Amino acid sequence: MPVHNSEIADIFEELADLLEIEEANPFRVRAYRNAARTIRGYPKNMADLVEQNTDLSKLPTIGKDLAGKIKVIVTKGKLPLFEKLTSRTPKVLNNMLKIQGLGPKRVKRLYQHLNIKNIDDLKRAAHSGKIQTLEGFGEKTEQMIKENLEHFVDEAPRTKLIVAEDIAAPLVEYLKKSNDVKDVIVAGSYRRRQETIGDLDILVTAGKRSNVLDRFVNYDEVDKVISKGTTRSAIQLRCGLSVDLRVVPQVSYGAALQYFTGSKAHNIAIRRMAIEKKLKVNEYGVFKNNQRIAGKTEEEVYRQVGLPYIEPELRENRGELDAAKKKKLPTLITSEDIRGDLHCHTNASDGHHTLTQMVQAAIERGYEYISINDHSQHLTVANGLNEKRVLEQIKTIDQLNEKLNGIVVLKSIELDILEDGRLDLPNSVLKELDFTVCAIHYQFNLSRQKQTERILRAMDNPYFTILAHPSGRLINRRRPYEIDLEKIMEAALQRGCLLELNAHPDRLDLSDEACKMAKDMGLKLAISTDAHSIHDLDNMRFGINQARRGWLEASDVINTRSLKELQKLLRRK
DNA sequence: GCCGTTTTCGGCCCGACTGTTTTCAGTCG
């Protein structure tokens, strides 16, 4: 069983936790965390790279030492340093770090003085009143621990962006009604349009007399106030989501927005660049000899450190700073670039609306084309179409197209890839379609090799056009199935097939980094909503978000093209 | 432990809030 990137990342994370508890050099700790982050998001498998003898120290945040450690983990399945560390510091201690308010210093003290090793020990000690007797702890800290233990769930799920939007919108409206408030904007991972967010970070510009912080902690949905100060407060909502509010004066708006948007890694890199220029960047501005020289807009802040404006979606310290220095930032795709949707269902299979309704909705969105991709027969639960029904639908669409003006309905299907790699309908039917969208809907648990071969075999069929939702994951619900994505992308490139970025906010596969990998390989993608209703067509924007995070430009995406160009791209080589 | 238009050593982002203190450590983002 090959070692997964996430497993290597987990080991590095735990190492960082343990080193921190042992009060190791904090920069060493950070190095492990940075490396874990790089590895977790990396679209290629470390195990493969090791096998191919790739120099891993070329990867950002990975040096000679960590490259060696990755190799050891991949080949031996374990790491001596990790064993050594866990022999003197119990591994389970790092679970306690997940509790709000407990950091490495306190965990160490709890362990050394009260022999508290895990959550259960902690609960007992807190309820017996032992913790407040420890030096550095007190009554309030013990109380806080007790409260946070009650809400503690291992691995709290992150909130999907679409859910976060519904939570943020009314809160923003509420805050805008405070007196003396100018801007209210949601920053953080929300503004970077990450597929899921951990909390909400809201930035407000307001005068000194504003009551916005009082108003904030008195919001209807507040479950508990985590902290309240004069420029910053934090609350937890009843839905479980935490919200941070930061108030700055108007003159600091850009600097604060830049700071509060993150990511953390991006900000650290920016501040390091500032130091090289003998400048200091904080949330109040850019300072030269304690004199503010910028801060009103983000553009100013970037300009002072010698960079053009960088779009929030790119701020992950994944090469955007280098690209910015070289003036090679991508011109990111926008919603306006999209000319049609290439994956939509009707009530012929499991959609909620009729063909006419779907087409009408596409017209209302200004599209030049929409393709209809109902399920194929194998997916019986979705009332998948058999040969006869597909041919009927083709006829109906042909008739509809004759009546339509300014929009063309493309004849397609969402075709099951069977377990042996065959497609779910005979080629004699498929050849009547404009193109196909092919997908895996069952047997998710095949080995990585088998699942990859299954898809490659399907691609060998000349009527295979687009691989739909390539990872099959459902955010917070279903893990992606195991595939060698790079191999699949290479195969697609050779055969003239394409991959889909599924815009559904529960799916969003490909991931941002996978999008970037496709772009770097020269593989074009389709951004499609997989709409099962007319309203689902509006999910396109989530696909655009993800595409932008993956550095995609309009030219990287096929459904930004005119119908004529699109048809050329859909044709197999 | 990483990194380099200061390139193999000596740096490593910066500030707010809380609680336990009495000037600050710990935690968080």
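What you see below is based on every heavy atom in this structure, not just the backbone, and it leaves out hydrogens, waters and symmetry mates. Reminder, nothing fancy here: chain letters follow the sequence lines and each chain counts from 1. None of the values given here were measured: they were computed from a predicted structure.
The residue A:Thr230 sits close only to the backbone: its heavy atoms come under 4.0 Å of sugar-phosphate atoms, none of a base. Residue-level contact check: A:Pro60 touches the backbone only, with heavy atoms under 4.0 Å from sugar-phosphate atoms and none from bases. Among the heavy atoms of the strands lying under 4.0 Å from A:Asn25 is at least one base atom, whether or not backbone atoms are also near. Using a 4.0 Å heavy-atom cutoff across all strands shown, A:Ile270 reaches no nucleic acid atom at all. Nucleic acid contact for A:Tyr284: sugar-phosphate only, since backbone atoms but no base atoms lie under 4.0 Å from a heavy atom of the residue. Within the nucleic acid shown, A:Arg30 comes within 4.0 Å of at least one base atom, counting heavy atoms only. Note on A:Asn282: only backbone sugar-phosphate atoms sit closer than 4.0 angstrom, heavy atoms only; bases stay farther off. If you check every strand for non-hydrogen atoms under 4.0 Å, A:Gly262 touches nothing. Residue A:Lys69 is in sugar-phosphate contact alone, with no base atom involved, counting any heavy-atom pair closer than 4.0 Å across all strands shown. If you check every strand for non-hydrogen atoms under 4.0 Å, A:Lys280 touches sugar and phosphate atoms only. The residue A:Glu135 sits apart from the nucleic acid: no heavy atom pair falls under 4.0 Å. Here A:Leu19 lies out of heavy-atom contact (under 4.0 Å) with every strand. Residue contacts for A:Arg232: at a heavy-atom cut-off of 4.0 Å it reaches a base atom on one of the strands shown. Nucleic acid contact class of A:Val281 (heavy atoms, under 4.0 Å, all strands): sugar-phosphate only.
Under a cutoff of 6.0 Å and an axis angle of 45°, A:Lys516 and A:Trp551 form a cation-pi pair. At least one test fails for A:Arg192 against the ring of A:Tyr190: distance under 6.0 Å to the centre or angle within 45° of the axis.
If you walk DNA chain B from 5' to 3' and mark each nucleotide with an atom closer than 4.0 Å to a heavy atom of chain A, the marks span B:dG1 to B:dG29.
Across B:dT8 and B:dG1, the matching C1' atoms stand 14 Å from one another, rounded to whole Å. Of the P atoms belonging to B:dC13 and B:dC17, the separation is 22 Å, rounded to the nearest Å. Atom name P, nucleotides B:dG10 and B:dG15: the rounded distance is 26 Å, in whole Å. B:dT20 sits 11 Å from B:dG26 when the C1' atoms are compared, rounded to a whole Å. Between B:dC9 and B:dT18, the two C1' atoms lie 38 Å apart (nearest whole Å). If you take atom C1' in B:dT6 and the same atom in B:dC12, they sit 14 Å apart, rounded to whole Å.
With the nearest nucleotide of DNA chain B identified for both A:Thr231 and A:Gln100, A:Thr231 has the one nearer the 5' end. Residue whose closest nucleotide on DNA chain B sits further toward the 5' end, between A:Leu97 and A:Ile275: A:Ile275.
If you take OG1 on A:Thr261 and CG on A:Leu203, they are separated by 8.0 Å, rounding to the nearest 0.5 Å.
Under the 3.5 Å distance criterion, with hydrogens and angles disregarded, no donor-acceptor pair is assigned to the side chains of A:Ser210 and A:Ser178.
Between A:Tyr219 and A:Tyr174, the ring planes are tilted. Angles from 30° to 60° get that label.
The one candidate from A:Glu298, A:Glu311, A:Glu165 that meets the salt bridge (charged side-chain N to carboxylate O under 4.0 Å, His left out) condition with A:Arg191 is A:Glu298. Checking A:Glu313, A:Glu316, A:Glu320 one by one against A:Arg548, the salt bridge (charged side-chain N to carboxylate O under 4.0 Å, His left out) holds for a single residue, A:Glu313.
At most 12 heavy atoms of other shown residues, nucleotides or ligands fall within 6.0 angstrom of atom NZ in A:Lys288.
A 3.5 Å limit on both hydrogen-bonding distances identifies B:dG11 as the Watson-Crick or G-U partner of B:dC2.
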